[in-house]
Amino acid sequence: MKILVTGGAGFIGSAVVRHVINQTDDSVVNIDKLTYAGNVNSVATVADSNRYLFECADICDAAAMRVLFDKHQPDVVMHLAAESHVDRSIDGPAAFIETNIVGTYVLLETARQYWKDLPEERKAAFRFHHISTDEVYGDLHGTDDLFTETTPYAPSSPYSASKASSDHLVRAWQRTYGLPVIVTNCSNNYGPYHFPEKLIPLIILNALAGKPLPVYGKGNQIRDWLYVEDHACALYKVVTKGEVGETYNIGGHNEKQNIEVVHAICELMDELAPMHERGFPQNTKHSSLITHVTDRPGHDLRYAIDASKIDRELGWKPEETFETGLRKTVQWYLDNKTWWQAVLDGSYQLERLGQGV
Ligand code: NAD
């Protein structure tokens, strides 16, 4: 099977690319524009495989998409390319509207034109898998409530509204044109190769540098945390075994307040990289760096996901608990300074030059 992955140089997309190359016999064509969030170093461990190809292109460019579909003849599409950072969507929503909504539309139209001319057998097997977020459901107020696949959409931020729009487009392309689509909505991912603007890597790297650990408001926002490699495994299961037209929620069964997450990282850092080894006074704890900052406008209080459908129907459950996944993540950042140093000093973007951008 040849899988066309969009956004495969991003955090989750690169985990999907590594999963497919390392765990299956399938091939990947990775289409990525290499925005600030795209990093070819995240797929370096599989880039030499003869089952992997990279194409630097913008999903909003209809002509380029048509050329790439014709050239590579994919069997399925896994669409992850997006603008994904909520804070950036508040500061500048335009790129979110463009990539997440217009880009998804362009990709749907390209896929539809390509799919309708496929021979019958390949046409029946084709899938357009759209990867989305649980943020489309808004936030939860009751402590026992969970998002299910039928929870009404109520997005709060420009980011989640743009993702909600793209989900609607994807479903409409199935209903109207018969394009075989599948949608997944997942909770907050964490793990290796996560861009340091997001909470967990930001806290790890600030802690390592002895800098303040910023926590929005009281830090009582609740998120469900999904280890990225568990997510990649779930996505592959969905694209190969999922039912056309279905939605699957993917979660980690790990609801935590942000402040609990920050404290858990501090404790792991105290154990794995004690501050006194970096010249701080004996017994200094990383938690002393925690600093509360003004909350984000429109900040959703609680997300929690019911991931029982994918377990029941496709036999997928996360393998990592929050404790095992977080330990692996902290250890990964401690062991992979070259990767994050290149992100912090901006040199990772020079890799783009080698990709012909
Ligand atoms: P990311 O920001 O790390 O990566 C996005 C990738 O898309 C980057 O490599 C970027 O270069 C690429 N890209 C952006 N605009 C593009 C364009 N116009 N054309 C081609 N490529 C483009 O994002 P992520 O965290 O890996 O998220 C992947 C998908 O999963 C997104 O659709 C996101 O909405 C969804 N999601 C993420 C999370 C999470 O916790 N990270 C949670 C739920 C859903």
Side-chain angles (χ1 to χ4, degrees), residues 4-18 29-43 54-62 64-65 68 77-89 94-107 110 129-137 147 155 157-167 170 183-201 223-232 234-235 248-252 254 303 305 307 343 348-349 351-352 355 357:
L4 191 156
V5 175
T6 70
F11 170 48
I12 303 173
S14 69
V16 169
V17 170
R18 294 190 305 273
V29 178
N30 176 5
I31 296 186
D32 199 296
K33 182 184 171 185
L34 297 181
T35 66
Y36 81 94
N39 185 345
V40 290
N41 295 335
S42 303
V43 286
F54 180 75
E55 297 278 8
C56 189
D58 185 340
I59 58 163
C60 301
D61 180 343
M65 288 306 111
L68 292 177
V77 173
M78 296 176 81
H79 174 35
L80 295 102
E83 289 291 338
S84 70
H85 190 47
V86 176
D87 289 344
R88 285 179 189 255
S89 83
F96 288 73
I97 305 303
E98 190 61 23
T99 287
N100 299 1
I101 306 178
V102 179
T104 299
Y105 155 73
V106 167
L107 210 59
T110 311
H129 178 181
H130 177 62
I131 285 81
S132 190
T133 169
D134 62 356
E135 298 192 30
V136 297
Y137 301 124
F147 297 132
S157 69
Y159 163 66
S160 53
S162 69
K163 291 297 291 187
S165 305
S166 65
D167 294 9
V170 170
V183 177
T184 51
N185 297 84
C186 68
S187 54
N188 275 33
N189 282 224
Y190 70 103
Y193 302 99
H194 205 181
F195 199 80
E197 67 184 352
K198 303 280 173 89
L199 179 70
I200 289 182
R223 303 288 179 264
D224 172 63
W225 292 95
L226 171 63
Y227 191 63
V228 70
E229 290 174 11
D230 277 336
H231 187 203
L235 294 177
Y248 299 91
N249 280 352
I250 309 175
N254 290 309
Y303 305 140
I305 208 158
V343 176
Y348 77 108
Q349 290 196 301
E351 300 292 334
R352 303 171 75 202
Q355 306 295 337
V357 182

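Every value quoted in this text rests on a predicted model; they were computed, and no experiment measured them. As the structure lists them, so they are numbered: ligands from 1, and atoms in each ligand from 1. These numbers come from the heavy atoms of this one structure, side chains and all, not from hydrogens, waters or symmetry mates. Numbering of residues begins at 1 and proceeds along the displayed sequence.
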Peer 1: Give me the atom names and distance for the closest heavy-atom approach of Leu107 to Met65.
Peer 2: CD1-SD, 3.8 Å
Peer 1: So which protein residues pack against ligand 1 under 4.0 Å, heavy atoms counted?
Peer 2: Gly7, Ala9, Gly10, Phe11, Ile12, Gly13, Asp32, Lys33, Leu34, Thr35, Ala37, Gly38, Ala57, Asp58, Ile59, Leu80, Ala81, Ala82, Ser84, Thr99, Ile131, Ser132, Thr133, Tyr159, Lys163, Cys186, Ser187, Asn188, Asn189
Peer 1: Indicate yes or no for a side-chain donor-acceptor contact from Asn254 to the backbone of Gly252 under 3.5 Å, with no hydrogens or angles considered.
Peer 2: yes
Peer 1: In terms of ring plane angle, is the pair His194 and Phe11 parallel, tilted or perpendicular, where the classes change at 30° and 60°?
Peer 2: parallel
Peer 1: If we ignore hydrogens and angles and just use 3.5 Å, is the side chain of Asn100 paired with the main-chain N or O of Ser162 as donor and acceptor?
Peer 2: no
Peer 1: Say whether Arg88 and Tyr36, considering side chains only, have a donor N or O and an acceptor N or O under 3.5 Å apart.
Peer 2: yes
Peer 1: Tell me if a side-chain donor or acceptor on Asp32 pairs with a main-chain N or O of Ala9 at a distance below 3.5 Å.
Peer 2: yes
